[in-house]
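Contents: one structure, followed by commentary.
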Amino acid sequence: MASVQQAFLVTGAGGDHRRVPVGASMTVGRGGSCDLVVRDLAASRQHLEIRRVAHGYECRDLDSRNGTLVNGEAIAVRRLDDGDEIRIGKTLLVFSLHNEIEAPPVGKTVFLQTIIEPSGSVKAPPSSRSKELLEAAYTLMNSLSSNFNPCELVDNILSTTMRAVRAQRGAVLFAGGNGELKPCPECGHVHTIRDGIPRSAGLGEIEISESVATRVLRNGENVLYQSARSDQVIDPSASIAALNLTSILCVPIRTQNAIHGILYIDTDVADHDYSEDDMLLAAAAGNSAGLALENARIHRDLLDKQRIDQDIEAAWTIQEGFLVRDWPIDDPRLDVYGLTRPAKVVGGDFYDFARLDEDHVGLLIGDVSGKGVPAALTMALLLAEFRLCATGADSTAEVLRRLNERMVGRSRRGTFCTAALVALNLRTGNLMAANAGHHPVLRISGDRVTTILPASGPPLGILPGIDWSDDREVIKPGETLLLYTDGIAEAKRPNGEATEGRDDGEYGVKGLEKVARERSGDGPQVLIEAILDDVDRYCSPLAPHDDCTMIALRYHGHAG
């Protein structure tokens with residue numbers, strides 16, 4: 001057997017390393033649909049692709065946010081050699097090539113047999129009916145193993161089985177909900193063969209022994225009727241006599257838990273009785289057909305799920321477009337940064353940064369009830385309406401009142417949203433804030449971390465006519481404001497075990513305060529990434545169960 005080069009990506013280090021086969025292609029990124037998922041904040045959901053090309057393998061960056069390095073150089077597309085190092089943020093992957101033994105190709109099943117007599121001479125194998133049936137069974141198994149088209153599978157079952165048992169006519173029918181027979185659910189016709197010619201027929205065109213078919217569907221047994229034998233398996237019935245049938249084979253198409261239909265074969269030709277060997281082959285075909293059709297259904301479901309995952313991935317790309325990415329870098333009075341990491345592909349957490357005028361900025365953070373696509377759609381609507389509601393508003397509480405009325409008028413199925421809105425005067429450091437059922441804001445001043453601006457009313461979207469109050473604070477140059485969602489505070493240890501004085505097993509405000517004190521001198525981006533890293537370590541080996549979102553602003557004071 002020939003050897004071929006197989007490609008692998010080696011992850012981890014030392015005894016913890018893992019070797020992942022690349023195959024024809026592999027996608028790498030933070031998204032759950034990737035072939036290799038990396039938990040690195042620098043990774044995009046679809047970060048890079050490695051694929052086999054004419055003369056080896058190449059690595060292609062998929063327009064990732066932070067880029068891909070191969071051997072320390074940023075790349076768009078690059079050929080890979082054995083030992084090349086691929087880096088995504090802090091994650092190192094090593095490309096490896098190995099020679100593997102290539103398995104012989106799967107082709108037509110060939111039966112070889114040698115019989116050696118005691119004298120040492122070789123005797124030619126006899127040609128037997130059993131051998132023909134065995135070859136037909138193996139041919140059938142092989143043809144079913146790689147076909148995921150239900151109609152083609154049914155046609156294969158019929159043609160192979162009928163050719164092996166030399167049958168006159170046959171059909172495959174499916175089980176309805178009340179024990180009745182139905183046509184193929186895929187094409188709406190009955191798959192039939194008569195005298196070697198396949199065709200599709202309507203249910204009313206098929207003449208079969210209903211007594212035999214009902215017995216097979218009801219009891220799940222194999223039925224063989226032979227007119228010339230006295231020890232018949234079933235008694236002759238009116239339907240058999242009326243159709244002038246001389247022999248019948250009928251077996252269930254079954255999976256482990258259900259009977260999905262029948263494989264029915266009959267003949268009205270005299271002296272053309274089907275044998276017990278024929279029945280055994282038909283039974284094997286029925287069992288194999290049931291498993292093959294179930295595999296086809298599972299394969300189709302996987303393809304449907306893959307299409308849905310791709311649509312959701314596209315939805316996340318659109319959702320990301322609603323979130324601020326262009327942070328102000330030309331104003332020396334502040335640094336600001338926000339980040340969201342959904343628990344699913346899309347999430348209901350959101351944040352926003354708005355420059356209200358030359359000297360005023362606004363920070364918004366929120367958490368929509370629920371997860372997945374419904375929460376993501378509500379989040380996108382709220383972000384769009386926030387800018388409208390903020391126009392001409394005299395206070396942060398007024399903005400929340402306007403958002404609440406819009407959300408109450410449009411929300412369905414009890415959707416609500418917690419939110420905190422902060423407005424900062426960059427010239428004076430004066431803060432105005434309103435909080436609708438959200439976590440208080442963390443104020444970080446050196447190694448002193450305090451909570452300010454608690455909730456002054458319920459979440460948005462519950463009741464109309466709710467009022468919130470404006471709270472006021474003054475922050476000093478060098479202080480940082482940190483806003484966060486439940487996914488951070490309620491991140492849990494595996495199995496909810498308690499640690500570091502946190503009896504409920506949650507990361508909590510204590511975890512936030514600890515990292516905030518350690519990183520009090522760092523900018524907002526470094527602070528947020530340090531907290532997310534700490535949350536990941538806290539939840540390891542699991543991931544946080546809820547969306548994790550933060551936005552932080554460091555105030556430097558008036559420029560003079």
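This one's a predicted model, so the numbers in the text were calculated from it and none came from an experiment. These numbers come from the heavy atoms of this one structure, side chains and all, not from hydrogens, waters or symmetry mates.
In this structure a side-chain-to-backbone donor-acceptor pair under 3.5 Å is present from R493 to Y538. Here the side chain of N404 pairs a donor or acceptor atom with the backbone of L463 at under 3.5 angstrom. Proximity of a side-chain donor or acceptor of R443 to a complementary backbone N or O of L453 within less than 3.5 Å is not detected. S25 contributes no side-chain N or O that, together with a main-chain N or O of R51, makes up a donor-acceptor pair within less than 3.5 Å. Not one N or O on the side chain of E398 forms a donor-acceptor pair closer than 3.5 Å with the backbone of S395. One N or O on the side chain of T485 and one on the backbone of T549 form a donor-acceptor pair closer than 3.5 Å.
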Please assess E85 against R87 for the test salt bridge (charged side-chain N to carboxylate O under 4.0 Å, His left out), listing each intermediate value before the final yes or no.
-> CA-CA 6 Å; E85 294 184 349; R87 185 171 291 278; 5.4 Å; no

D536/R39 under side-chain contact (heavy atoms from CB on, under 4.5 Å): CA gap, chis, key distance, verdict = CA-CA 9 Å; D536 283 343; R39 297 196 60 80; 3.5 Å; yes

Stepwise salt bridge (charged side-chain N to carboxylate O under 4.0 Å, His left out) test for E405 and R401 = CA-CA 6 Å; E405 295 306 313; R401 280 193 290 271; over 6 Å; no

Residue pair R355, L426: steps toward the side-chain contact (heavy atoms from CB on, under 4.5 Å) verdict = CA-CA 10 Å; R355 185 174 287 277; L426 296 174; 4.0 Å; yes

Show your reasoning for whether salt bridge (charged side-chain N to carboxylate O under 4.0 Å, His left out) applies to R30 and D40.
-> CA-CA 7 Å; R30 191 162 50 86; D40 193 303; over 6 Å; no

Evaluate side-chain contact (heavy atoms from CB on, under 4.5 Å) for V509 paired with L442, printing each intermediate quantity in order.
-> CA-CA 9 Å; V509 178; L442 281 189; 4.3 Å; yes

Check the pair S44 / L62 against side-chain contact (heavy atoms from CB on, under 4.5 Å), numbers first and verdict last.
-> CA-CA 9 Å; S44 297; L62 300 177; over 6 Å; no

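P440 approaches Y484 most closely through the heavy-atom pair O-CE2, 3.7 Å. The two residues A42 and G89 make their nearest non-hydrogen contact at CB-CA, 3.6 Å. Closest of all the heavy-atom pairs between L383 and Y351 is CD2-O, 3.7 Å. Pairing each heavy atom of A397 with each of S469, the nearest pair is CB-C, 4.1 Å. Taking each heavy atom of S369 and T415 in turn, the nearest pair found is OG-CA, 3.6 Å. Between G429 and Y555, the shortest heavy-atom contact is N-OH, 3.4 Å.
When each of L36, T27, I88 is paired with H47, the side chain to side chain contact (heavy atoms under 4.5 Å, CB included) condition holds for I88 and for no other.
Note that the CZ atom of F386 and the CG atom of D352 stand 5.5 Å from one another [nearest 0.5 Å]. Atom CG in L553 sits 6.0 Å away from atom CG in L424 (nearest 0.5 Å). Residue R52 holds its CZ atom at 12.0 Å from CE of M26, rounded to the nearest 0.5 Å. Taken from CG in L460 to CZ in R402, the straight-line distance is 14.0 Å, to the nearest 0.5 Å. The CD1 atom of I86 lies 4.0 Å from the CD1 atom of I50; values are rounded to the nearest 0.5 Å. Note that the CD atom of E479 and the CZ atom of R554 stand 9.5 Å from one another [nearest 0.5 Å].
Qualifying salt bridge (Lys or Arg N to Asp or Glu O under 4.0 Å) partners for D82, counting only residues two or more places apart in sequence or in other chains: none. Taking the side chain to side chain donor-acceptor pair (under 3.5 Å) definition, one finds that E385 meets it with R410, sequence neighbours left out.
For D349 and T340, the side-chain atoms include no donor-acceptor pair closer than 3.5 Å. Counted by atom type alone, D486 and H439 present one or more donor-acceptor pairs between their side chains at under 3.5 Å. Side-chain contact, D367 with H438: no donor N or O sits under 3.5 Å from an acceptor N or O.
Inter-residue side-chain proximity for D471 and N435 is flagged as unmet; no heavy-atom pair is nearer than 4.5 Å. The closest side-chain heavy-atom distance from L527 to I444 is below 4.5 Å. By the 4.5 Å heavy-atom criterion applied to side chains, I551 and Y337 are not counted as neighbours. No side-chain heavy atom of V422 sits less than 4.5 Å from a side-chain heavy atom of T396. D331 places none of its side-chain heavy atoms less than 4.5 Å from the side chain of V361. For the pair L9 and F95, the minimum side-chain heavy-atom distance is below 4.5 Å. In this structure, the side chains of I466 and V408 stay at 4.5 Å or more apart for every pair of heavy atoms. When side chains are defined from C-beta on, W468 does not count as touching L421, because their heavy atoms never get closer than 4.5 Å.
Around CZ of R519, the count of heavy atoms belonging to other residues, nucleotides or ligands within 6.0 Å does not exceed 12. Within a 6.0 Å radius of CZ in R448, other residues, nucleotides and ligands contribute 12 heavy atoms or fewer.
With salt bridges taken as basic N to acidic carboxylate O contacts below 4.0 Å, one links E506 and K492.
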